[in-house]
Amino acid sequence: MVNVGIIGYGTVGSGVFEVLNTNSKSIAVKAGEEIKVKRICDLRDFPGDAAEKLITHDFNDILNDDEITIVVETMGGTKPAYDFVKASIEAGKSVCTSNKELVAKFGAGLIKLAEKHNVNFLFEASVGGGIPIIRPLNYALTAEEILEIKGILNGTTNFILTKMNDEGLDYETVLKEAQDMGYAEKNPTADVEGFDTCRKIAILTSLAYGKQVDFEDIRTEGITKITKEDMEYAKALNASIKLIGESKKENGTVYARVAPALIDREQPLYSVHDVFNAIFVKGNMVDDVMFYGRGAGKLPTASAVVADVIDAAKHKNKHIPIIWEEDKLELGDIREYKQKFFVRVPADMKEAVKQKMPELEEVKTEKVKGEFAFITPVLTENEFEEAVKDLKIINRIIVNFK
Ligand code: HSE
């Protein structure tokens with residue numbers, strides 16, 4: 001019998017309890033023995049809940065219980081999660097977490113600590129919820145040089161953008177609807193400003209290149225400036241606007257960023273709608289692979305945590321190596337990265353723009369009046385800013401076509 005302690009009995013933590021109970025028989029077969037939740041630490045009480053009797057308010061009840069060999073951390077945030085996770089590993093317990101803030105900031109150090117104590121620190125649920133992506137990067141794609149990772153990594157923003165596109169609504173209206181439906185948080189900043197996506201692409205890029213990518217170094221732009229007019233232009237281009245977290249290796253340099261981008265119909269990411277997530281990976285041998293599924297939600301995320309718990313149970317006294325060194329990976333300057341830009345300016349600037357950029361491609365839609373919209377040639381951001389410095393830009397969006 002393997003005993004588990006859960007810290008944080010919120011959406012994901014209670015999902016872990018549910019998955020372990022619902023699938024207990026098949027999990028026991030796969031793990032080689034029964035896995036049971038022994039204690040749950042949370043500040044709250046849960047009267048009437050199936051886990052009511054397991055609740056403790058004192059983390060020491062988990063830490064000091066030698067029968068608990070696996071700790072599930074589903075609190076979120078880094079304080080006090082980091083201290084609890086560190087103490088658990090130092091006490092010889094494996095830790096499985098869904099906490100992307102913790103993993104993005106302290107992942108490399110916690111892996112090293114787990115190695116030192118011959119236990120495991122596993123974090124499949126920290127990116128893409130129920131979508132397997134951490135394990136594929138660690139196991140299935142290890143023969144590859146990863147050339148590119150490109151993902152829709154946030155369900156809330158994908159839901160908002162999908163609804164804006166399908167129903168012709170503006171950002172504020174859809175955000176309010178998403179909040180009323182419980183998809184978006186009351187304070188939606190982490191999702192809509194791209195910070196959540198940023199941590200996730202930092203984790204994926206760290207794993208792809210085996211070094212620490214600091215999320216603070218990744219240029220991050222959210223979806224708050226996307227309008228229904230942008231959506232009309234996207235439709236005219238046979239494209240959709242998605243919040244993309246991406247990293248790319250070019251001439252030995254890794255570039256990473258988070259930004260809304262126009263994605264054309266040729267790419268599978270075009271068809272990823274609503275709260276779904278998808279991660280596209282390009283390797284130098286395997287070429288393109290893509291992972292798709294529910295990137296958030298109680299049971300999908302909990303399922304990924306429990307898969308880690310089973311892995312930890314199967315690897316008692318055996319550290320599963322994960323290549324993610326604490327040395328920092330210096331990212332290339334994203335301002336020097338080349339791409340096309342979609343740009344909207346007032347109609348009376350048409351001639352001035354055409355003179356500056358004779359090779360531009362005009363974008364037309366009947367739905368928007370009084371503007372001139374176009375796609376630039378391939379430019380770095382520095383070149384783009386120089387080219388448009390005297391123009392009044394209504395909006396500009398990165399063009400991420402195949
Ligand atoms: N807020 C996140 C999302 C939850 O919307 O995708 C999963 O990390």
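Positions are given from 1 along the sequence. Both ligands and their constituent atoms are indexed starting at 1 by order of listing. Small disclaimer: the values here were computed from a predicted structure and weren't measured.
- Within the 4.0 Å heavy-atom criterion, neither part of Val275 lies near ligand 1.
- The shortest non-hydrogen separation linking Ile241 to Pro260 is CG2-CB, 4.2 Å.
- Using a 4.5 Å heavy-atom threshold, the side chains of Leu243 and Ile152 count as separate.
- Aromatic ring orientation, Phe17 versus Tyr9: perpendicular (interplanar angle above 60°, classes split at 30° and 60°).
- Within ligand 1, the atoms closer than 4.0 Å to a non-hydrogen atom of Asp196 are 2 (C), 8 (O), numbered from 1 in the order shown.
- Checking Tyr255 against Asp333 by side-chain atom types alone, no donor-acceptor pair falls below 3.5 Å.
- In terms of protein heavy atoms, atom 5 (O) of ligand 1 is closest to Thr156 OG1, 2.6 Å.
- For Gly295, the heavy-atom gap to ligand 1 drops under 4.0 angstrom.
- Side-chain polar atoms of Glu73 and Tyr82 form no donor-acceptor pair below 3.5 angstrom.
- Where the criterion is an N or O separation shorter than 3.5 Å, residue side chain and backbone included, Lys100 meets it with respect to ligand 1.
- A donor atom on one side chain and an acceptor atom on the other are found under 3.5 Å apart for Asp191 and Asn154.
- When only non-hydrogen protein atoms are considered, atom 3 (C) of ligand 1 lies nearest to Asn154 ND2, 3.3 Å.
- Residue contacts with ligand 1 for Asp191 involve side-chain atoms from C-beta outward but no N, CA, C or O (heavy atoms, distance under 4.0 Å).
- In terms of polar-atom proximity, Ala296 is not counted as a contact of ligand 1, lacking any N or O under 3.5 Å from an N or O of the ligand.
- Counting only heavy atoms of the protein, atom 6 (O) of ligand 1 lies nearest to Gly155 N, 2.7 Å.
- With respect to atom 7 (C) of ligand 1, the closest heavy atom belonging to the protein is Lys200 NZ, 3.5 Å.
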- Step-by-step ring-ring contact (aromatic ring centres under 6.0 Å, His included) determination, Phe372 to Phe374: CA-CA 7 Å; Phe372 177 66; Phe374 60 98; 5.6 Å; yes

